[in-house]
Amino acid sequence: MIRRFSKHKGAMIGVLILAIVVALAVFAPLLYPRGPWAMVQRPFLQPMAMEGFLLGTDTLGRDVAAGLVHGARVSLLVGLVSTLVALLIGVPLGALAGFYGAWVDEGAMRFTEFFQTIPNFALAIVLVAILEPSLTSITLAIAIVSWPPVARLVRAEVMAVKSREYVDAARLSGLSNRRILIEQVLPNTVSPIIVLASLMVATAILLESSLSFLGLGDPNIMSWGYMIGAARTVIRSAWWLSFFPGVAIVLTVLALNLIGEGLNDALNPHLSRKGHA
Amino acid sequence: MAALTQVFGRLLKAVLTLLAIAVLNFFLVHAAPGDPAVVLAGEAGAADEQMIAQLRARFGLDQPFHVQLWTYVSNVLTLDLGYSFRQGAPVLDLILDRLPATLLLTLSAFVISLTFGIALGVAASARVGKVSDSILTTFALLFYATPLYWAALMAVLVFSVQLGWLPGFGYETVGADYSGLARVLDILKHLILPAATLGLFFMAVYMRMTRASMLEVSQMDFVRTAKAKGLSGPVIRRRHILRNAILPVVTLAGLQAGQLIGGAVLTETVFAWPGIGRLMFESLAARDYNTILGVFLVSAAMVIFFNILTDVIYRLVDPRIGART
């Protein structure tokens with residue numbers, strides 16, 4: 001399986017890009033010890049105009065590169081944690097719906113359908129606006145709008161697995177429903193969940209950056225979306241302020257999507273490559 | 001008759017969904033930190049004690065919880081979305097005023113993304129494994145990873161600031177006072193960049209999906225039969241494969257309508273497009289919760305409208321569906 005993954009050219013490119021982003025995020029305090037908010041030079045310094053300021057400075061003379069490196073931490077953190085929270089909501093709900101069927105399934109699926117109908121970015125905006133922008137509210141809002149596909153996937157997988165013979169055998173041997181579900185059924189649904197989760201981290205990063213772009217970011221934390229949002233009004237005179245953070249987002253999201261595809265091909269080789277959407 | 005009950009069922013479901021969203025809105029107002037009356041008044045009303053008291057009485061905020069819920073939901077049902085103190089107008093009027101611009105933008109983006117997405121997907125699948133396929137697939141992958149608002153900003157930078165080809169701002173030329181055809185053309189010119197950037201992401205999604213679906217269908221038995229019959233490649237692709245491959249794409253397009261409308265908030269913000277998304281953005285800064293929640297409700301209604309629209313497209317593409325259900 002690992003061999004299949006490592007043969008996937010796209011996935012390897014993804015791993016490489018992601019490794020660089022993670023390294024920059026981890027070492028941000030060492031690379032730019034003064035932090036992303038420090039005003040270090042004159043404002044509107046063009047990229048490569050001065051040594052040590054490769055990406056230029058922003059409207060207040062803050063180093064764009066420092067912002068990027070520190071912003072990577074927020075993007076990765078929010079992407080990862082919100083996906084975990086979404087899994088915590090979606091996996092149990094989907095598992096219960098798929099395993100018990102009948103009215104549990106009916107109720108859970110109606111609930112899921114409802115959340116899928118609501119325009120999810122609009123809901124995220126409303127949630128963050130009402131709960132006041134903070135790292136917690138942003139993470140929570142992203143999780144709340146991203147769990148429905150998880151629930152649907154887990155439900156479908158559980159339904160497919162629960163009629164297998166080994167599950168019948170477990171039932172005959174007297175295992176309780178709960179133990180069958182947790183010990184026999186769920187472990188067999190892990191690989192599609194991993195694939196979905198890697199794509200969800202990518203979507204979560206896009207969502208976080210979009211919220212910050214609209215001014216709904218945590219006011220104390222530098223993020224890529226915030227940088228672009230703050231530079232929006234000066235796009236005519238200072239293109240680099242919005243250009244570089246955007247490139248950082250595209251590369252990170254692209255890397256995660258490539259990894260997701262690679263995982264999909266490695267973990268589910270029997271499935272043809274369908275577009276994930 | 002069966003069609004009639006089906007339409008009725010759909011409408012009932014739409015109403016129930018909207019009702020549920022109204023209930024959700026109510027709970028959100030109460031989840032906000034602070035007094036709900038202050039929340040409803042927004043920034044503008046925060047200082048005025050008398051107005052807060054009035055609001056409290058009007059929304060029955062001194063009543064028991066379930067009465068409050070009933071008041072709120074029945075207000076929404078009678079299309080009373082509250083009053084925006086910030087803008088000094090009823091929220092419904094503000095939204096109705098801006099809705100046409102948003103509908104124009106999202107429908108254009110929907111059509112653009114679906115048309116180009118399917119066309120490019122078919123093109124890529126016909127050249128599978130060749131260089132042109134890889135190029136198309138790579139571009140789709142890139143667009144898929146590009147934040148909407150950033151694509152919009154870069155489009156402004158290139159096509160408006162640098163090249164000066166298209167306006168990057170607004171809905172029509174301010175002060176030009178065009179009328180008739182000249183005005184339509186002027187609006188269209190303003191529409192191109194927002195609609196194209198909003199459609200770009202979804203185009204990538206539909207392209208990938210079409211390509212995968214075409215490849216899957218092309219391995220089925222009936223395609224082999226068509227080949228054996230001696231039909232040419234393009235005819236098989238168009239008449240046999242595409243017709244079957246397009247169904248999952250249309251289904252997906254319907255499911256993604258919500259994201260398209262959410263994306264409009266970003267696109268409208270960048271292009272100063274006077275739609276409900278821009279209204280939501282302006283209300284965020286003003287903490288005008290009534291308007292934010294109103295736009296949220298209306299955008300959910302738009303999603304339901306788009307879902308019904310894709311259902312109609314579905315029937316056009318595959319006449320079997322109407323007969324079957």
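Quick note: numbers below take in every heavy atom, side chains included, and nothing from hydrogens, waters or symmetry partners. Only a predicted model underlies this, so the values are computations on that prediction, with no experimental measurement involved. Per chain, numbering begins at 1; letters A, B, ... match sequence-line order.
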Student: Taking side chain as everything from C-beta outward and backbone as N, CA, C, O, which of these in Met280(B) sits under 4.5 Å from a heavy atom of chain A? Side chain, backbone, both or neither.
Tutor: side chain
Student: For the pair Leu266(B) and Phe121(A), evaluate side chain to side chain contact (heavy atoms under 4.5 Å, CB included) and give the outcome as yes or no after the intermediate values.
Tutor: CA-CA 10 Å; Leu266(B) 295 165; Phe121(A) 185 54; 3.7 Å; yes
Student: To the closest 0.5 Å, what do you measure between CG (Leu211(A)) and CG (Leu284(B))?
Tutor: 9.5 Å
Student: Minimum heavy-atom separation for Pro119(A) to Ser299(B), with atom names?
Tutor: CG-OG, 3.6 Å
Student: Would a distance-only check, ignoring hydrogens and angles, find a side-chain to backbone donor-acceptor pair under 3.5 Å from Tyr289(B) to Ala129(A)?
Tutor: yes
Student: OG1 of Thr146(B) to CD1 of Ile249(A): how many Å apart, nearest 0.5 Å?
Tutor: 10.0 Å
Student: Shorter than 4.5 Å, heavy atoms on both sides: which option in Thr269(B), Asn25(B), Val270(B), Ile261(B) has the most such pairs with chain A?
Tutor: Thr269(B)
Student: Looking at every heavy atom in both Thr117(A) and Asn307(B), which two are closest together, and how far apart are they?
Tutor: CG2-ND2, 4.5 Å
Student: Test side chain to side chain contact (heavy atoms under 4.5 Å, CB included) on Ile21(B) and Phe114(A) and set out the steps.
Tutor: CA-CA 9 Å; Ile21(B) 291 171; Phe114(A) 173 66; 3.5 Å; yes
Student: A quick test of your reading: do over 12 heavy atoms of other residues, nucleotides or ligands sit less than 6.0 Å from CZ of Phe116(B)?
Tutor: no
Student: With side chain to side chain contact (heavy atoms under 4.5 Å, CB included) as the test, would you mind laying out the steps for Ile130(A) and Leu293(B) before giving the verdict?
Tutor: CA-CA 10 Å; Ile130(A) 284 194; Leu293(B) 291 171; 4.2 Å; yes
Student: Verify side chain to side chain contact (heavy atoms under 4.5 Å, CB included) between Val250(A) and Phe143(B), making sure each step is shown before the conclusion.
Tutor: CA-CA 9 Å; Val250(A) 172; Phe143(B) 290 150; over 6 Å; no
Student: With rounding to the nearest 0.5 angstrom, report the NZ to CZ distance, Lys13(B) to Arg110(A).
Tutor: 6.0 Å
Student: In the structure I gave you, are the side-chain heavy atoms of Ile118(A) and Leu24(B) within less than 4.5 Å of one another anywhere?
Tutor: yes
Student: Determine the interplanar angle of the Phe243(A) and Trp150(B) rings, folded into 0 to 90°, and report it as parallel if under 30°, tilted if 30 to 60°, perpendicular if over 60°.
Tutor: tilted
Student: Heavy-atom distance under 4.5 Å to chain A: side chain of Leu16(B), backbone, both or neither?
Tutor: neither
Student: In terms of heavy-atom proximity below 4.5 Å to chain A, should Leu148(B) be classed as side chain, backbone, both, or neither?
Tutor: neither
Student: Quick check: do Phe213(A) and Pro147(B) have side-chain heavy atoms less than 4.5 Å from each other?
Tutor: no
Student: Which answer fits Ala122(A), side chain, backbone, both or neither, if we ask what part of it has an atom under 4.5 Å from a heavy atom of chain B?
Tutor: both
Student: Measuring from atom CG of Leu207(A) to atom CD of Gln259(B), what distance do you get when rounded to the nearest 0.5 angstrom?
Tutor: 8.0 Å
Student: Is Tyr144(B) close to Val253(A) at the side-chain level, that is, under 4.5 Å between some pair of heavy atoms?
Tutor: no
Student: What residue, out of Leu256(A), Asn120(A), Leu131(A), Leu123(A), has the most heavy-atom pairs lying under 4.5 Å from chain B?
Tutor: Leu123(A)
Student: So for Val128(A), is it side chain, backbone, both, or neither that comes closer than 4.5 Å to the heavy atoms of chain B?
Tutor: neither
Student: Work out which heavy atom in Tyr149(B) is nearest to a heavy atom in Ser209(A); give both atom names and the distance.
Tutor: OH-OG, 2.7 Å
Student: To the nearest 0.5 angstrom, please state how far the CG atom of Leu141(B) sits from the CG atom of Asn257(A).
Tutor: 6.5 Å
Student: Who among Ile228(A), Leu258(A), Leu216(A), Leu251(A) has the most heavy-atom pairs with chain B under 4.5 Å?
Tutor: Ile228(A)
